[in-house]
Amino acid sequence: MAAKYKSDFLNVLDQRGFIHQISDPEGLDALAAKETITGYVGYDATATSIHIGNLITVTLLYWLQETGHRPISLMGGGTSMVGDPTGREAERQVLTVEKINSNIESIKKVYSRILRYGDGPTDAVMVNNADWLLKLNYVEFLREIGRYFSVNRMLSFDSVKMRLEREQSLTFLEFNYMIMQGYDFTVLNKQYGAVLQMGGSDQWGNIINGVELSHKMGGPQLYALTTPLLTKSSGEKMGKSASGAVWLNGDLFSPYDFWQYFRNTEDADVGKWLKIFTRLPLEEIAKLEALGGSELNEAKKILATEVTAIVHGRDAAEKSAATAAATFEVGAIDLSLPTTEVSRGDLAAGLGLLNALVTVGLAGSNGEARRHVQSGAVRVNDEAVTDERTSLGTSALLPEGVIKLSVGKKKHALLKPV
RNA sequence: GGGAGAGUGUCCCGAGUGGCAAAGGGGGCGGACUGUAAAUCCGCUGGCUAAGCCUUCGUAGGUUCGAGUCCUACCUCUCCCA
């Protein structure tokens with residue numbers, strides 16, 4: 001493959017499909033080819049976990065490190081107190097300081113699995129912008145930083161323009177977000193020598209603000225790089241599943257569900273996802289991608305296992321793959337399916353089917369459970385059940401000592417008496 | 001400060017005449033077809049101890065046999081004037 005860039009870093013990103021826009025490609029390429037650069041990505045601290053959309057930029061940091069540079073993961077402890085208006089129609093909820101800090105603690109875990117942290121020249125660093133943003137003195141900040149921002153120009157940014165056009169409120173609080181993000185870049189440049197900020201394509205405006213700010217303040221040339229917005233071929237945004245957002249923290253979204261999420265990738269996306277989410281060599285991906293028809297399912301399994309291994313560890317990935325194989329391909333009862341315990345006495349007395357479905361989490365209410373039964377979606381121990389008044393007793397226990405409940409072909413759970 | 005408008009099913013968008021569990025989309029879920037895919041077609045998409053009952057249309061009151069719909073006050077947002 002002909003190398004388009006001089007630096008390994010940009011070549012890898014280019015070949016794997018990570019590049020959407022770069023502010024000064026030649027300049028960044030020359031710099032990355034010449035020396036070790038420091039680049040960063042900022043993460044929101046508004047939830048207790050980052051989600052699948054964020055995984056792309058974490059992978060970006062991974063490749064930055066792999067190609068001999070230093071990544072910084074910036075926790076938005078300060079900026080999350082303001083709230084990014086980008087892509088938001090309504091104002092964000094203002095979070096408490098305690099909530100933001102506990103979110104950061106929870107988010108941190110995922111990074112250490114993907115990046116190598118330490119004190120070496122290419123070891124990753126984790127910083128929190130609350131460290132400098134919360135100490136700012138208002139008037140001083142306005143005089144030193146605010147003077148470089150033109151409101152005329154700020155009003156022209158998409159994030160702001162959209163709100164104005166839709167006649168939706170944009171508070172002064174949120175309006176300041178881009179100034180803070182721009183300021184972050186200059187701080188990270190001074191403290192860590194960061195010259196590159198990366199992010200999703202929606203962050204372009206915010207990142208460019210930092211580049212321009214440095215320029216106006218007489219600082220060094222900084223660079224911006226954004227990744228394309230992830231969408232499925234069918235046009236849907238990526239990251240939503242039946243159970244809500246696809247979180248990277250195992251307690252919010254189980255490794256098994258995570259594996260399933262990638263296993264159900266649309267055919268047209270398999271190659272793209274393999275390049276972006278896995279570390280498999282491009283030649284191998286090319287072979288997998290070339291598989292036709294149902295053989296592509298093998299590629300999907302590899303995709304699912306590889307990505308799950310990166311996020312949840314190899315063991316969890318193999319286990320998920322095995323559970324899936326047993327459940328879908330053999331039709332066996334796999335005891336690692338999500339299990340809910342019930343008291344043996346309750347079961348002996350007879351447990352209503354609808355009640356049981358709600359208990360194991362396959363339905364949100366009796367009404368929903370009833371509808372599932374009526375539409376023929378419910379099975380008990382793989383036998384279709386059409387009577388909603390069915391009662392489960394100890395006679396329904398399988399030799400394994402559990403009762404298997406299913407809604408549809410993909411959702412299964414076990415009920416276990418204790 | 002003055003004037004004009006908006007807030008609908010806790011996923012989103014959006015009709016709504018005093019009889020409304022409330023049109024229609026999108027999304028989601030389930031079924032059929034498949035390959036745990038896509039596309040397509042069909043069904044479902046407030047809760048319950050269920051031929052009934054309860055809770056929903058920004059909030060709180062009021063008129064009425066009956067209020068999403070009419071009246072009053074308040075909250076939030078938008079626009080115009082100052």
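Just so it is clear: chains get the letters A, B, ... in the order the sequence lines come, proteins before strands, and each one is counted from 1.
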Undergrad: Using the closest heavy atom to pick a nucleotide of RNA chain B for each, name whichever of A377(A) or N264(A) lands nearer the 5' end.
TA: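 The residue mapped nearer the 5' terminus is A377(A).
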Undergrad: Should C20(B) form a Watson-Crick or G-U wobble pair with both distances under 3.5 Å, which nucleotide is its partner?
TA: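 Its partner: none found.
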Undergrad: State whether the side chain of E368(A) and the backbone N or O of G364(A) hold a donor-acceptor pair below 3.5 Å, judged by distance alone.
TA: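 Yes; judged by distance alone, with no hydrogens or angles, the pair exists.
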Undergrad: With rounding to the closest Å, how many angstrom separate the C1' atoms on A37(B) and C48(B)?
TA: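 Looking at atom C1' only, A37(B) and C48(B) are 39 Å apart.
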Undergrad: Report the distance from atom NZ of K411(A) to atom P of G30(B), rounded to the nearest whole Å.
TA: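 In whole Å, G30(B) P lies 5 Å from K411(A) NZ.
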Undergrad: Using atom CG of N297(A) as one end and atom P of U36(B) as the other, report the distance to the nearest whole Å.
TA: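 Taking CG of N297(A) and P of U36(B), I get 6 Å after rounding.
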Undergrad: Would one find more than 12 heavy atoms of other residues, nucleotides or ligands at under 6.0 Å from atom NZ of K301(A)?
TA: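 More than 12 heavy atoms, drawn from other residues, nucleotides or ligands, come within 6.0 Å of this atom.
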Undergrad: Has the side chain of H412(A) got a donor or acceptor atom that lies under 3.5 Å from a matching backbone atom of K409(A)?
TA: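 Yes.
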Undergrad: Expressed as a whole number of Å, how far does the P atom of G47(B) sit from that of U56(B)?
TA: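 About 15 Å, rounded to a whole number of Å.
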Undergrad: Please report the distance separating the C1' of C65(B) from the corresponding atom of U76(B), rounded so that it comes out in whole Å.
TA: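 Per the computed distance, 35 Å lies between those C1' atoms.
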Undergrad: Hunt down the Watson-Crick or G-U wobble partner of G43(B), both distances under 3.5 Å, from any strand shown, or write none.
TA: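 By the stated definition (distances under 3.5 Å), C29(B) pairs with G43(B).
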Undergrad: Rounding to a whole Å, what distance do you find between R379(A):CZ and G30(B):C1'?
TA: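 Answer to the nearest Å: 11 Å.
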Undergrad: Take atom P in A73(B) and the same atom in C53(B), then report the distance between them in whole Å.
TA: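 Straight-line distance between the two P atoms is 36 Å.
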Undergrad: Without swapping roles, check the side chain of T57(A) against the backbone of N54(A) for a donor-acceptor pair under 3.5 Å.
TA: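 Yes, because the side chain of T57(A) sits within donor-acceptor range (under 3.5 Å) of the backbone of N54(A).
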Undergrad: When the C1' atoms of C70(B) and G2(B) are compared, how many Å lie between them, rounded to an integer?
TA: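 Straight-line distance between the two C1' atoms is 26 Å.
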Undergrad: Using atom CG of D267(A) as one end and atom P of U36(B) as the other, report the distance to the nearest whole Å.
TA: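 Distance check: D267(A) CG to U36(B) P gives 12 Å.
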Undergrad: Take the protein atom NZ of K301(A) and the nucleotide atom P of G35(B), then report the distance between them rounded to whole Å.
TA: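 After rounding, the gap between these two atoms is 13 Å.
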Undergrad: Atom pairs, N/O to N/O, protein against nucleotides 44-48 of chain B, distance under 3.5 Å?
TA:
unit_1, atom_1, unit_2, atom_2, d
G47(B), OP1, S365(A), OG, 2.8
G47(B), OP2, R371(A), NH2, 2.6
C48(B), OP1, N366(A), N, 3.0
C48(B), OP2, G367(A), N, 3.0

Undergrad: Syn versus anti for C54(B), judged by chi lying within 90° of 0?
TA: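 Because its glycosidic torsion lies more than 90° from 0, C54(B) adopts the anti conformation.
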Undergrad: Determine the interatomic distance between P on A22(B) and the same-named atom on G28(B); round to the nearest Å.
TA: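 One P to the other, the span is 25 Å.
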Undergrad: Taking atom C1' in both U49(B) and A39(B), what distance in whole Å separates the two?
TA: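 That atom pair is separated by 44 Å.
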Undergrad: Quick one: closest heavy-atom pair of R116(A) and Q65(A), and the distance?
TA: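 Residues R116(A) and Q65(A), closest heavy atoms: O-NE2, 2.9 Å.
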Undergrad: Does the cation-pi check pass for R70(A) over Y192(A), that is, NZ or CZ under 6.0 Å from the six-membered ring centre and within 45° of its axis?
TA: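 No cation-pi geometry.
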Undergrad: Taking D267(A) for its side chain and L296(A) for its backbone only, find out whether a donor-acceptor pair lies under 3.5 Å.
TA: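 Not confirmed, D267(A) side chain does not pair with L296(A) backbone.
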Undergrad: F262(A) has an atom CZ; how far is it from atom C1' of G35(B), in whole Å?
TA: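 Going from F262(A) (CZ) to G35(B) (C1'), I get 20 Å.
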Undergrad: Side chain of K409(A) only, heavy atoms from C-beta on: which candidate in G35(B), A38(B), U34(B) is closest?
TA: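 Out of G35(B), A38(B), U34(B), the nucleotide with an atom closest to K409(A)'s side chain is U34(B).
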Undergrad: Look at K410(A) and A37(B) and indicate whether a side-chain polar atom (N or O) is within less than 4.0 Å of OP1 or OP2.
TA: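 Yes.
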Undergrad: Any base atoms under 4.0 Å from E295(A), or only sugar-phosphate, or nothing? Heavy atoms, all strands.
TA: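 Here E295(A) touches no strand at all.
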Undergrad: Using purine N1 to pyrimidine N3 plus N6-O4 or O6-N4 for Watson-Crick, or N1-O2 and O6-N3 for G-U wobble, each under 3.5 Å, what pairs with A67(B)?
TA: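 Here A67(B) is not engaged in any pair, so there is no nucleotide opposite it.
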Undergrad: Using atom CG of D269(A) as one end and atom P of U36(B) as the other, report the distance to the nearest whole Å.
TA: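 Distance check: D269(A) CG to U36(B) P gives 18 Å.
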Undergrad: Tell which nucleotide pairs with C79(B), taking only Watson-Crick or G-U wobble pairs whose two distances are both under 3.5 angstrom.
TA: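 When the pairing criteria are applied, G3(B) turns out to be the nucleotide that pairs with C79(B).
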Undergrad: Measuring only the P atom in each nucleotide, how far is U59(B) from U10(B)? A whole number of Å is fine.
TA: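 Here U59(B) and U10(B) have their P atoms 13 Å from each other.
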Undergrad: Can you tell me the distance, in whole Å, between the CG atom of L303(A) and the P atom of G35(B)?
TA: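 These atoms are roughly 21 Å apart.
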Undergrad: Could you tell me the Watson-Crick or G-U partner of A73(B), where both distances fall under 3.5 Å? Say none if there is no partner.
TA: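 Pairing partner, where one exists within any strand: U59(B).
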Undergrad: Within a reach of under 6.0 Å around NZ of K216(A), are more than 12 heavy atoms found that belong to other residues, nucleotides or ligands?
TA: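 It does: K216(A) NZ has more than 12 such atoms within range.
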Undergrad: Please check: side-chain N/O of N11(A) versus main-chain N/O of K4(A), any donor-acceptor pairing under 3.5 Å?
TA: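 At least one qualifying donor-acceptor pair exists.
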